[in-house]
Amino acid sequence: MQFTPYLTFDGNCAEAMAFYAQLLGGQITYQGTFGEMPADAGMPPLPEAAKKRIMHAHLVVGAQSIMASDTLPAMPGQANDGCGGGYQKPQGLSVSIGVETVAEGQRIFEGLTPGGQVSMPFGATFWSPGFGMVTDRFGTPWMVNVVSEPPKA
């Protein structure tokens with residue numbers, strides 16, 4: 001069993017996934033737009049502004065994945081919690097990254113920080129020689145944790 005985070009964005013999914021691929025050393029294996037979807041008789045017409053938004057993207061980093069999409073803009077008659085309800089900021093979760101060294105943790109944390117909001121600076125804790133929490137400029141909350149080095153007393 002493997003759990004895969006699925007992130008949502010408000011029109012900047014392609015930019016975010018390209019950034020994550022570069023920062024994390026991964027590869028985007030699929031990326032398609034809403035405009036590229038096959039037409040379906042039961043589907044309402046897609047607003048022109050939504051056609052370039054990402055319908056689905058898949059980033060592979062080693063044996064792990066992150067998937068993502070843009071939400072569609074709010075559409076009349078669509079529930080706010082559905083695909084056409086517009087963007088809602090993530091809440092109640094974070095993407096946790098486990099790294100092997102303090103240097104790698106620091107590099108990733110510092111990469112996520114510009115334009116974001118640090119909620120816990122990267123540093124030693126009682127469980128790890130390196131841990132930090134940041135919400136990046138795309139609105140994704142991250143926890144970066146060094147998992148293989150024992151904490152220093």
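FYI, side chains are in, hydrogens and waters are out, and symmetry mates aren't considered; it's all heavy atoms of this structure. The structure presented is a predicted model; accordingly, all values stated were derived computationally and were not measured.
For Q91, the CD atom sits in a loose shell: 12 or fewer heavy atoms of surrounding residues, nucleotides or ligands are nearer than 6.0 Å. Heavy-atom contacts from other residues, nucleotides or ligands closer than 6.0 Å to CD of E104 number more than 12. Other residues, nucleotides and ligands place more than 12 heavy atoms under 6.0 Å from the OH atom of Y30.
Closest approach of Y20 and L59 over heavy atoms only: CB-CD2, 3.7 Å. The minimum heavy-atom distance linking R53 with G11 is given by the pair NH1-N, 3.4 Å. Shortest non-hydrogen contact noted between H58 and S65 is NE2-OG, 2.9 Å. Nearest heavy atoms, V146 versus S128: O-OG, 2.8 Å. Shortest non-hydrogen contact noted between G105 and V144 is O-CG1, 3.6 Å. Counting all heavy atoms, side chain and backbone alike, I66 lies closest to M17 at O-CE, 3.6 Å.
Although no hydrogens or angles enter the test, the distance criterion places no donor-acceptor pair under 3.5 Å between the side chain of R137 and the main chain of A16. E15 contributes no side-chain N or O that, together with a main-chain N or O of F138, makes up a donor-acceptor pair within less than 3.5 Å. With hydrogens and angles disregarded, a donor-acceptor distance shorter than 3.5 Å links the side chain of E36 to the backbone of T33. Between the side chain of S94 and the backbone N or O of S96 there is no donor-acceptor pair closer than 3.5 Å. Under a 3.5 Å cut-off, the side chain of N145 and the backbone N or O of F131 do not form any donor-acceptor pair. Of the possible polar contacts, none joining the D10 side chain to the T71 backbone as a donor-acceptor pair under 3.5 Å is found.
Here the side chains of F19 and L112 are in contact, with some heavy-atom distance below 4.5 Å.
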